[in-house]
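Notes to accompany the following structure.
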2 protein chains.
Amino acid sequence: MRTLFLSGKAFIQEKYYIVKNHQATIVDIARTLNLSKSTVSRALTGHPNVKAGTREKVLEMAAQMDYQRNQLAISLLTNRTQTVGIIVPEFLSFFFPKVIIGAQNVLAEAGYNVVICHSNESYETEVANTKALLASRVDGLLVSHTKETRNFDHFRVFERKGIPVVFFNRIVEELGGSKVAVDDYGGAFRAVGHLIQTGKRRIAHLAGPDSIQNSRNRLNGYLDALRRYDIPVDPALIISYDLTLDKANIYVNHLLNLPQPPDALFAINDPTAIEALKVIKSRGLRIPQDVAVVGFSDDPVSALIEPGLTTVAQPVDEIGRQAAALLLKQLAADDERPEAETVVLETRLIVRGSTV
Amino acid sequence: MRTLFLSGKAFIQEKYYIVKNHQATIVDIARTLNLSKSTVSRALTGHPNVKAGTREKVLEMAAQMDYQRNQLAISLLTNRTQTVGIIVPEFLSFFFPKVIIGAQNVLAEAGYNVVICHSNESYETEVANTKALLASRVDGLLVSHTKETRNFDHFRVFERKGIPVVFFNRIVEELGGSKVAVDDYGGAFRAVGHLIQTGKRRIAHLAGPDSIQNSRNRLNGYLDALRRYDIPVDPALIISYDLTLDKANIYVNHLLNLPQPPDALFAINDPTAIEALKVIKSRGLRIPQDVAVVGFSDDPVSALIEPGLTTVAQPVDEIGRQAAALLLKQLAADDERPEAETVVLETRLIVRGSTV
DNA sequence: AATCATTTTGGGAATGTTCCCAAAAATTTG
DNA sequence: CAAATTTTTGGGAACATTCCCAAAATGATT
């Protein structure tokens, strides 16, 4: 009995062993209702040229059979998967999850699914991720690259194939494609300016790796703020590190052990700044009197700890929303790709107990 | 010239408008090398029956053309996508991201890709997620359901289609499929026992919604601990809420306003407990002398705040790893699905300043 | 040199869907 | 009531790949 409902292959298999896990297809529905697959297809996709009664019968049978359209077949045919890939280097801090949620909201609205890849700050994994996304034929890509990534050829492949890529947060100047960044330079400039205005003069900077543009921009903001107030730059106070927290611990201790230790620290991000606060407290120094600390990105934790962390806030989910919007703009045009755009979002300083 | 390289459709299109974004196929490679698609396919998949020279030529041409296999076509044919879906209710707290990373590591090892869906604690979104994953033909599913989910029919569809589902963290007793949970009952029992041993007698419990099994188990642990020490249960001290933090704020204030306020609070999770600490501090009460607080799940923030939060730790990424492992076990068997398993992981109490 | 065995290659079906075009059925018009 | 028109349905190609089976090429053995 049941065999009547099943499409070719399953029908044959039924004779030899019990059919398991057969996913109903439009052919199965067509067979049971004595219709052609064309008609069933039309009924299911809402095409107007189907008799009302027929459509009803089809929909009913589809529900009864747990029919679920096979997106693979459709994508193969249409050459569009309605899927966007997102590659992020980590998602344990609040930052990337929040960006992803922002992007996902905008993309879901437009009928796109999202595949999230976690490169885990590994170049190799990132390359593997792009291969996998290429194989699964994503329509577009949102990327924040790893700190190890210095060669961007794996992204150029997308360019060549006409698959739009939008970079966010960690962007790549030398590559085409739309970009979403925040005003890292301005944020850093204001943060360091604030420290100077509270009377600090020996301001250290725990910088991020040179491979990430944010790091370079924040470093420039730091340098220009010092110059602006005629404070000499001491290279001993600038340490670039790889963002792993145990290293942060070591470097903060190193700075505090200097013959002329810093009276303030501007950290590349909030996790680093929080680690610094721990070290400073554990050494019995007062915050901010002995050492003031500023972070970057306003992690929710920063408001919870004692003292609260002064930090440069950025509109995190807006980064995701903007990146998604730029990608959709690229995807919408089916003839010529519109020109790539770069969006720079504002940052603002949030002053808390770690500086005043 | 270029047209010679292109497969059928593209070839025709070339005559009318410029071909853009054509993704090279094995047919394109076959054409340029004067081979059949069968031979090219064999060369690329590493089938032994290909002459060494031919294989080399094919691989070289594939690289030159940026060839990337079309996983859609393969999946359509083989009826396996090598993709696993993960549905989580949120990922702003550290918990779910960490579970996902654990699961992803295990799954990637086994050659599976991962599609992450964010149901955002919305039943509707969760149902939509399952539909999308069904349409994209995931081979298996890892789920932690929303707090709104009371009807589980959308998961039963997977069962009927023979697609294995593994529930983690928020599990569903009444459904088949493997499950990964932690010892919520024992953790809660020990947490409340600890409060009692530090001399507390009026212990409140901010519980989670009844729809989530963890909430029920932790509540039972709380109740049994009180009974064990012959402390009367006061229903006024048990408040079940929907896990939104502004509500937590209101309920903690409500509890502290009672004629006989509690001298301790056991919270369903760490974010709730941290919110409680804020309220208690803002009212000028001493922690833990006036009110002690215990959370659940050892959020990294809990170690950073003042005072440190006593909490029940659970092996978060192990939850993900175990869930992935159970799913792989189901996926490995291509004949009969092995019996579903349930793994319960240990919890352990971490004592910090919020209780001693 | 002819036969046999082995290696290498090619042709075609199948996967599930959409869409075009033609055929059939139903409806309207003269 | 036949012709013309509209609505509804069916058949088949196409998407990119794998795999089976047959055909061709090569190598080994007599």
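The chains referred to below are lettered A, B, ... by the order of the sequence lines, with proteins before strands, and numbering in each begins at 1.
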Taking the nucleotide of DNA chain D with the nearest heavy atom to each, does Lys37(A) or Thr54(A) sit closer to the 5' end? Thr54(A)

With a 4.0 Å limit, can you tell me whether Ser41(B) has a side-chain N or O closer than that to the phosphate oxygens OP1/OP2 of dT18(D)? yes

Heavy atoms, side chains only, cut-off 4.5 Å: are Gln104(A) and His118(B) in contact? yes

Presence of donor-acceptor pair under 3.5 Å, side chain of [X] and base of [N]:
{"X": "Arg137(B)", "N": "dG16(C)", "value": "no"}
{"X": "Ser36(B)", "N": "dG11(C)", "value": "no"}
{"X": "Thr39(B)", "N": "dG10(C)", "value": "no"}

If you assign Ser38(B) and Ala73(B) each to the DNA chain C nucleotide with the nearest heavy atom, which residue ends up on the more 5' nucleotide? Ser38(B)

For Tyr67(A) and for Asn49(B), find the nucleotide of DNA chain C with the closest heavy atom, then tell me which residue's nucleotide is more 5'. Asn49(B)

Integer-rounded Å distance: dC21(C) C1' and Arg42(A) CZ: 11 Å

Check every strand shown and say whether Ile26(B) touches a base, only sugar-phosphate, or nothing at a heavy-atom separation below 4.0 Å. base

Among Leu133(B), Leu327(B), Leu134(B), which residue satisfies the side-chain contact (heavy atoms from CB on, under 4.5 Å) criterion with Leu141(B)? Leu133(B)

Given the side-chain rings of Phe155(B) and His145(B), with only the six-membered ring counted for Trp, is the space between their centroids under 6.0 Å? no

Regarding Glu341(B) and Lys329(B), does a basic nitrogen lie under 4.0 Å from an acidic carboxylate oxygen? yes

